[in-house]
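Working notes, beginning with the structure itself.
Quick caveat, the model's predicted, so the values are computed rather than measured.
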Amino acid sequence: MPGTMELIDISAFAYSDPHAPTSNPALVSDEARVAFWAEQAGRLDWAEPWHTTHRFEKPRRTGADEDGNPTYTVPEIAWFEGGKLNVSYNCVDRHVAAGRGNHVALYFEGEPGDRAVYTYADLQREVCKAANALLDLGVEKGDRVVVYLPVIPETVVITLACARIGAVHSLVFGGFSAEALKFRVEDTGAKVLVTTDGQNRRGVVVPVKEAADEACSGENSIEHVVVVRRTSRPGRTDLPRGTRGLRSKDQELVPWTPGRDVWWDELTARASEVHEPEAFDAETPLFIIYTSGTTGKPKGLVHTMGGYLVQTAYTHALMFDLLPDVPEASGILRPDELSAVNDPAKVDSTVHWCTADLAWVTAHTYEIYGPLVNGVSEVIYEGTPNTPDYGRHFEVIERYGVTNYYTAPTLIRSLMGAFPRGLPPVYNLSSIRLLGSVGESINPEAWRWLRAQVGRDEVPFVDTWWQSETGSCVASPRPHDPQFAPAGTFDDAAPHTSPKPGCVTRAVPGVSLRVVDESGEDVAPGLQGFAVVDKIGPSMARTVWKDPQRFLASYWAAYGERGWFLAGDGARTDEEGDLYILGRVDDVINVSGHRLSTIEIESALVTHPHVVEAGATPVTDPVTGHAVLAYVVLSRAALSLSQEEVRDELRAHVAREIGPIAKPREVVAVPDLPKTRSGKITRRLLGQLYEGAPLGDRSSLQNEEALDAIADVLAARG
């Protein structure tokens, strides 16, 4: 039963030798890197072996554009070419075949308090039924399915069912607006949209089907809208058609398009529980995930089956302590960081909880595919962390005996605010043996608070850094790093033995990172540069959906033929060579771990008749990390409106166009916006003005007087 497992003595953990750390194959040679990933691919069951482990066609210089800037070919990335596998089989069926069908796969807790437990055998039956149901709707290999669902078991089941039949899934955050959903429906060319009748959010039922219907209006390829029943009671399906009571009053309130819409429970009720999975080429697209960029249109990143699952399986095992410990010559146990197998006892005792919404890449990798491919138990929770109060997460940890708690710095800061004197001694959190953070750089105060309050100041803390583009983690401490060992384990002179809150330390094995300047030269320790991945792993995105040139321009063109992936984050190293991520260097705003494009927000603002021009920029927020600040140039008709009227109207407008997460914290009306000579808004200066920071270089401005006018407006606001 959850919460009754035998606890592991932290002091008995094996720790890496600080004087002889594990070498990274990517730093040994390119051949060693590729061979390492070939060995890790042995974690999976393959229907057919691959003939080529890795192929990387770096960008090649082809000439110059009309402005003299170099032009390049689009990079081509492939791993395990020729190999065939089924992702769903690797995440579900093989565990059942190995005799672990009764092991719990999912502990589900709904926000209202409803609960369900799915073993791997249960999950196999549900995924097979879902696969057959999708096939009955005409979904085939390569078709796109957009999934607009909350964190419920059906989301996991439908995602795995898509992978099983070769359909490409694209999960969309349930809090996004109809407009944001509509773009993704149209851009993917989806054949099916899966949604719910409603969602539970902060103690109330939020209708969702209306937004789904609005998203399906206009020109698109949608043939069916599948509705998962979450908040409405079913009717009496046993009654003759046309009989009163066939549909419940709840169902009558759900908008319905006959011939297009179908209830998920009715669709799966007639589906077989048996489905033979087909093996697909390793480079078959698995999912499209949208991420904001510096232009208004979100980028649809394409991840493929084989490489993504290999790196996901290994990094999940590495970071969340599934790898075996082996004795060295002296008899001391050390973690085998390069192992391609897991420790069965660790797998069986793990209860993993990644708190992210299932639509984010964090959840794709470390809430769906990673835990399931490694066969562990995990928790999924539907609601917000403060419903009915901020103790909810700790109740969940205690109820299910959670061992790994992987969450976002924003949530940690919210908990700090809710419990300023620390957690009351009413929660039993003794099952926790590992903490982790993801989504943005974590401030040291939040790191220390979570480790002290939830981790008893003794458990390891994996502060992970990666992106939608990389698919899985590329830099993180390891659970058994010397910095987490009890005092006295190593001599005082040993390196890397002091905790480093907010430090992602180093690249995971098989991947290499550098911190460089604009010319590509390594920067000295302590100085800020650009984080680049100079040796990629198998889970790297392959392209931008329908726009390969954007893939090149966004990530690869900056360092040209060197073939380095530009992450877009600033970084520095310390004297021990450990890595610190300093945040975005481009025009993306990170609010509570959600990356929002400034251009997308500005584009929403200028669709309002009050707004002539808009500039959005991040400003510091103690809880969410960043908040959105919007400057607007108003139309003549709007000049008579009060400051409050402008702010309230435009905040509501952005919420409708994009979603509540994108609402500006403040809206400031100004006479003009500062621009470069090429017409680009200098958002960096806008943020500095608002926060009272020294203004950086303004030599490229064409209208420097705009800065003085904005300063006067801000001063008048007080």
Side-chain angles (χ1 to χ4, degrees), residues 37 40-41 43-46 79-80 85-96 103 105-106 118 120 123-124 126-127 130-131 145 147 149 151 153-171 277 279-280 282-289 301-320 322 342 347 350 352-380 404 406 436 438 464 466-474 508 537-542:
W37 287 117
Q40 291 301 326
R43 291 176 163 273
L44 307 183
D45 286 6
W46 295 82
W79 287 84
F80 313 114
L85 77 167
N86 186 279
V87 170
S88 176
Y89 177 88
N90 274 277
C91 291
V92 182
D93 302 61
R94 67 171 180 160
H95 303 309
V96 178
H103 190 75
L106 301 176
Y118 291 76
Y120 275 92
L123 192 58
Q124 182 186 43
E126 293 302 317
V127 171
V145 177
V147 181
L149 293 174
V151 182
E154 289 85 352
T155 313
V156 177
V157 168
I158 292 167
T159 298
L160 290 170
C162 289
R164 193 176 190 89
I165 65 174
V168 182
H169 62 75
S170 185
L171 275 60
F280 300 105
E283 284 299 313
T284 302
L286 176 62
F287 64 85
I288 302 169
I289 188 163
L301 296 162
V302 179
H303 285 280
T304 56
M305 293 183 174
Y308 170 80
L309 197 62
V310 168
Q311 190 169 341
T312 292
Y314 169 67
T315 54
H316 177 263
L318 172 73
M319 296 186 311
F320 296 104
L322 301 180
N342 295 335
V347 171
T350 293
H352 181 82
W353 187 17
C354 170
T355 67
D357 186 275
L358 290 170
W360 303 125
V361 72
T362 300
H364 282 56
T365 303
Y366 299 121
E367 196 173 352
I368 300 177
Y369 290 114
L372 295 178
V373 76
N374 281 319
V376 305
S377 301
E378 65 170 321
V379 170
I380 58 172
N404 305 339
Y406 188 45
V438 64
T464 63
W466 56 294
Q467 300 173 327
S468 301
E469 294 84 350
T470 66
S472 65
C473 187
V474 294
V508 301
S539 65
M540 180 66 72
R542 300 304 192 253

Trp466 and Tyr366 aromatic ring geometry - parallel, tilted or perpendicular at 30°/60° bounds:
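Correct class here is perpendicular.
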How are the rings of His169 and Phe287 set relative to one another: parallel (under 30°), tilted (30 to 60°) or perpendicular (over 60°)?
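Taking Phe287 first and then His169, their aromatic rings lie parallel (interplane angle under 30°).
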Would you say the side-chain atoms of [X] pair up with the backbone N or O of [Y], donor to acceptor, closer than 3.5 Å?
| X | Y | value |
| --- | --- | --- |
| Ser377 | His103 | no |
| Asp357 | Ala359 | yes |
| Trp79 | Thr304 | no |

Between Phe320 and Asn374, is any pair of side-chain heavy atoms under 4.5 Å apart?
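Side-chain contact under 4.5 Å: no.
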Could you list the donor-acceptor pairs under 3.5 angstrom formed by side chains in residues 155-162, with sequence neighbours left out?
| unit_1 | atom_1 | unit_2 | atom_2 | d |
| --- | --- | --- | --- | --- |
| Thr155 | OG1 | Pro150 | O | 2.6 |
| Thr155 | OG1 | Ile152 | O | 3.3 |
| Thr159 | OG1 | Thr155 | O | 2.7 |

Looking only at heavy atoms, what is the nearest atom pair of Ser88 and Val127, with distance?
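For Ser88 and Val127, the tightest heavy-atom pair comes out as OG-CG1, 3.5 Å.
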CA sep, side-chain torsions, deciding dist, call: His316, Val373, side chain to side chain contact (heavy atoms under 4.5 Å, CB included)
CA-CA 9 Å; His316 177 263; Val373 76; over 6 Å; no
Could you give me the CA-CA distance, side-chain angles and deciding distance for Val310 and Leu44, then say whether side chain to side chain contact (heavy atoms under 4.5 Å, CB included) is met?
CA-CA 7 Å; Val310 168; Leu44 307 183; 3.6 Å; yes
For Ala356, give me all partners under side-chain contact (heavy atoms from CB on, under 4.5 Å), at least two apart in sequence or on another chain.
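Residues passing side-chain contact (heavy atoms from CB on, under 4.5 Å) with Ala356: Cys354, Thr362, Ala363, Glu367.
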List the steps and the verdict of side chain to side chain contact (heavy atoms under 4.5 Å, CB included) for Leu123 and His95.
CA-CA 11 Å; Leu123 192 58; His95 303 309; over 6 Å; no
Suppose we screen for salt bridge (Lys or Arg N to Asp or Glu O under 4.0 Å). Which residues come up paired with Arg542, at least two apart in sequence or across chains?
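For Arg542 the salt bridge (Lys or Arg N to Asp or Glu O under 4.0 Å) partners, ignoring immediate neighbours, are Glu283.
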Picking from Thr350, Leu372, Ile368, Asn404, what satisfies side-chain contact (heavy atoms from CB on, under 4.5 Å) with Glu378?
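So the option named by the test is Leu372.
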Yes or no on ring pair (Phe, Tyr, Trp, His ring centres under 6.0 Å) for His303 and His364, after CA distance, side-chain angles and deciding distance?
CA-CA 11 Å; His303 285 280; His364 282 56; 8.6 Å; no
Could you walk me through whether Asn342 and Arg43 pass side chain to side chain donor-acceptor pair (under 3.5 Å), step by step?
CA-CA 9 Å; Asn342 295 335; Arg43 291 176 163 273; 2.9 Å; yes
What do the steps show when you test Tyr369 against Asn90 for side chain to side chain contact (heavy atoms under 4.5 Å, CB included), and what is the final call?
CA-CA 9 Å; Tyr369 290 114; Asn90 274 277; over 6 Å; no
